[in-house]
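What follows is a short report on a single structure.
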2 protein chains.
Amino acid sequence: MSHIIGKGHCLTCPIRYRSIFANLSEETLKSEIKDFHTSILTCRSNDIIYEQGEPSKYAYTLRNGLVKLTKSLPDGRTQIVRILKKGDLFGFDGFAKEDYNHNAITISQSEICRLPLSSLGLLRSKNTEIDTAMMTSWIKNIREAEDMLLELGAKKAPEKLASFLLKWCEGLDDRDWIKLELSRSEIGDLLGLTIETVSRFLSDWRRLGFIEELKGSIIIVDSKGLKEKACSSGSC
Amino acid sequence: MSHIIGKGHCLTCPIRYRSIFANLSEETLKSEIKDFHTSILTCRSNDIIYEQGEPSKYAYTLRNGLVKLTKSLPDGRTQIVRILKKGDLFGFDGFAKEDYNHNAITISQSEICRLPLSSLGLLRSKNTEIDTAMMTSWIKNIREAEDMLLELGAKKAPEKLASFLLKWCEGLDDRDWIKLELSRSEIGDLLGLTIETVSRFLSDWRRLGFIEELKGSIIIVDSKGLKEKACSSGSC
DNA sequence: CGTGTCGTTGAGTATCATCAAACGGAGTGG
DNA sequence: CCACTCCGTTTGATGATACTCAACGACACG
């Protein structure tokens with residue numbers, strides 16, 4: 001279970017500059033913050049932040065760790081609809097007077113800032129910087145969802161997996177290892193594949209020398225080879 | 001090709017109450033509108049409103065007809081990421097300083113209102129009603145995209161197709177025909193299936209008496225039967 | 001009456017899911 | 001320290017699902 005360890009302090013928040021409060025002046029932050037009751041949640045891996053159908057009273061900002069947003073069918077088949085990284089805002093369905101539309105579950109040990117939607121709404125209406133930041137974040141959400149729809153609807157298994165890996169490792173120097181963070185099952189839930197297909201392709205690519213894996217970390221050794229093999233049509 | 005037939009008149013706009021200007025008072029509309037240069041586009045079916053990668057200078061409101069937003073892979077495989085109905089707002093990527101992330105193409109003869117993003121942004125910052133309406137619309141976009149991700153990633157062909165049909169016919173009385181509007185190919189592009197699989201299942205269901213089709217219109221005769229056959233796991 | 005587009009249907013096949021078994025590392029308890 | 005379980009992963013064998021290729025019919029349009 002997650003639990004609250006205290007009140008948040010925006011001014012000293014380590015990820016403030018990646019959050020929706022990034023462009024807010026310190027003066028505004030100081031003057032507004034006194035009426036603003038944030039809580040910091042610390043979570044282990046696999047903690048549930050909220051579930052689909054619950055009334056949406058809080059928005060959240062991820063300070064540290066990773067969170068997955070998922071939806072499920074009655075028989076248990078699950079789709080990950082988004083993976084949240086440091087600074088991401090989520091759980092804002094209440095702004096549209098709707099219940100949460102997905103489950104939010106931690107993938108790793110995480111620290112999450114909880115913001116009451118009511119106060120956040122007030123703050124937003126009074127500070128254009130926050131407003132702009134939230135708008136930008138929503139539009140980015142939409143764009144990323146559209147990109148994922150193309151991945152899920154149009155691509156074949158190896159293409160999905162390869163572009164997932166390439167995106168995951170994006171911006172890294174060659175020879176830089178990165179924690180994969182996701183289990184085979186979670187990669188499957190994200191890409192609409194089974195554990196086995198994910199495992200098979202990764203094993204293939206390991207044998208072909210495109211990637212290496214070690215204790216949950218991964219490195220793309222030969223991205224060109226990977227692209228040629230998995231994305232013949234230039235899809236990655 | 002689409003072409004401009006004139007300037008929009010918000011006050012007399014037939015779909016104003018379904019648009020982001022729904023809750024704006026007539027006074028505000030009157031006073032603000034003079035600096036606001038909207039254009040009305042009339043389009044045949046299959047007209048391109050904008051394409052992915054173009055700079056996003058305008059947002060659009062669909063007044064009449066249907067529009068599909070699509071993304072494509074280099075080899076031509078296409079995914080429909082959203083289908084727009086009367087009153088829907090689209091093309092707002094520019095608010096996040098981004099180019100259009102998808103193509104916008106009419107599916108039927110359509111009438112579209114073009115709004116310069118710069119003026120819309122101003123209007124939004126001055127009128128909370130518009131602001132709220134746009135926020136709500138974005139959040140709805142995100143929620144619907146999440147729902148589609150579950151459709152595409154987790155469901156099998158007959159489940160996808162059945163829930164598409166049920167959603168398309170949602171809210172209709174029994175014995176009410178509705179135009180299907182989409183070709184087999186477009187249904188395929190929406191659900192991540194081929195023309196042939198779409199056609200096969202529809203033929204099956206026609207033979208089983210679940211649906212009837214006539215000159216591009218459709219009716220669900222036996223939604224219970226359809227659900228049982230296509231969505232055994234309660235997925236529709 | 002051709003021509004083109006869209007939809008249907010069939011046959012064959014590739015892809016990916018399913019089922020099943022075994023492996024390896026982490027953690028536990030004797 | 002070893003045996004044990006547990007969990008995630010790997011690998012193999014098999015099969016169903018949905019794709020591909022192809023032919024044909026229906027309909028609209030010039």
Side-chain angles (χ1 to χ4, degrees), chain A residues 44-46 68 73 75-79 107-108 151-162 164-165 179-208 211-218 229-233 235, chain B residues 44-46 73 75-79 107-109 151-162 164-165 179-208 211-218 229-233 235:
Chain A
R44 313 208 149 277
S45 190
N46 243 30
K68 61 180 173 184
L73 295 175
D75 70 351
R77 280 175 287 172
T78 295
Q79 180 64 37
I107 320 189
S108 65
E151 297 289 318
L152 286 179
K155 286 189 180 175
K156 299 182 182 286
E159 297 172 308
K160 290 177 179 178
L161 191 54
F164 161 73
L165 287 182
K179 272 210 85 183
L180 186 48
E181 306 280 4
L182 303 185
S183 68
R184 302 300 193 237
S185 160
E186 283 165 329
I187 298 176
D189 287 347
L190 179 68
L191 303 178
L193 302 171
T194 55
I195 305 180
E196 292 96 327
T197 12
V198 172
S199 175
R200 270 182 242 277
F201 280 110
L202 291 180
S203 297
D204 278 358
W205 296 343
R206 240 181 288 125
R207 281 186 284 263
L208 288 168
I211 59 172
E212 284 176 37
E213 265 187 300
L214 197 61
K215 301 207 291 178
S217 283
I218 193 171
K229 183 81 179 179
C231 322
S232 42
S233 52
S235 56
Chain B
R44 314 211 147 278
S45 189
N46 243 29
L73 296 175
D75 68 352
R77 280 175 288 173
T78 296
Q79 180 65 37
I107 312 189
S108 64
Q109 196 171 335
E151 297 289 319
L152 287 179
K155 285 188 181 177
K156 300 183 184 286
E159 297 173 309
K160 290 177 178 178
L161 190 54
F164 162 73
L165 287 182
K179 271 212 85 183
L180 185 48
E181 307 279 5
L182 302 186
S183 68
R184 302 299 193 238
S185 160
E186 284 165 329
I187 299 176
D189 287 348
L190 179 68
L191 304 177
L193 302 171
T194 56
I195 305 181
E196 293 97 326
T197 26
V198 172
S199 176
R200 271 181 241 278
F201 281 110
L202 290 180
S203 298
D204 279 358
W205 296 342
R206 241 182 288 127
R207 281 188 283 264
L208 288 166
I211 60 172
E212 284 176 36
E213 265 187 300
L214 197 61
K215 300 208 291 177
S217 283
I218 193 170
K229 183 79 179 179
C231 323
S232 42
S233 52
S235 55

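Worth saying up front: this structure is predicted, and the values here are computed from it rather than measured. Here is the naming used below: chain letters follow the sequence lines, and residue numbers restart at 1 for every chain.
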Measuring from the side chain of [X] (C-beta onward, heavy atoms only), which nucleotide among [options] has the closest atom?
X	options	value
Ile195(A)	dT10(D), dT8(C), dC19(D)	dT10(D)
Pro158(B)	dT10(D), dC16(C), dA18(D)	dA18(D)
Leu193(A)	dA18(D), dT8(C), dA17(C)	dA17(C)
Lys156(B)	dA18(D), dT10(D), dA11(C)	dA18(D)
Thr194(A)	dT11(D), dC19(D), dT18(C)	dT18(C)

Look at all strands and tell whether [X] reaches a base, only sugar-phosphate, or nothing, counting heavy atoms closer than 4.0 Å.
X	result
Gly192(A)	sugar-phosphate
Arg77(A)	nothing
Gly216(B)	nothing
Leu202(B)	nothing

Check whether the side chain of [X] and the base of [N] form a donor-acceptor pair under 3.5 Å.
X	N	answer
Arg184(A)	dT11(D)	no
Glu196(A)	dC19(C)	yes
Arg200(B)	dG7(C)	no

[X] side-chain N/O to [N] phosphate OP1/OP2 under 4.0 Å:
X	N	value
Ser199(A)	dG8(D)	no
Arg206(A)	dT10(D)	yes
Thr197(B)	dC19(D)	yes

Whether the side chain of [X] engages the backbone of [Y] through a donor-acceptor N/O pair (distance < 3.5 Å, no angle test) should be reported.
X	Y	value
Gln79(A)	Asp189(A)	yes
Lys179(B)	Gly216(B)	no
Ser232(B)	Ala230(B)	no

Could you state the [atom1]-[atom2] distance from [X] to [N], rounded to the nearest angstrom?
X	N	atom1	atom2	answer
Glu213(B)	dC27(D)	CD	C1'	15 Å
Lys215(A)	dC7(D)	NZ	C1'	18 Å
Leu161(B)	dG7(C)	CG	P	13 Å
Asp204(A)	dT9(D)	CG	P	17 Å
Leu191(B)	dC19(D)	CG	P	11 Å
Ile187(B)	dA18(D)	CD1	C1'	17 Å
Phe201(A)	dT10(D)	CZ	C1'	15 Å
Glu181(B)	dC6(C)	CD	C1'	16 Å

*asked:* With nearest nucleotide decided by heavy atoms, which residue, Arg207(B) or Lys155(A), maps closer to the 5′ end of DNA chain C?
replied: Arg207(B)

*Of Leu180(B), Ile195(B), Thr197(B), Leu193(B), which meets side-chain contact (heavy atoms from CB on, under 4.5 Å) against Ile187(B)?*
Leu180(B)

*Any chance CD of Glu213(A) has more than 12 other-residue heavy atoms, nucleotides or ligands included, within less than 6.0 Å?*
yes

*Assess the side chains of Ser233(B) and Arg77(A): does a donor N or O sit below 3.5 Å from an acceptor N or O?*
yes

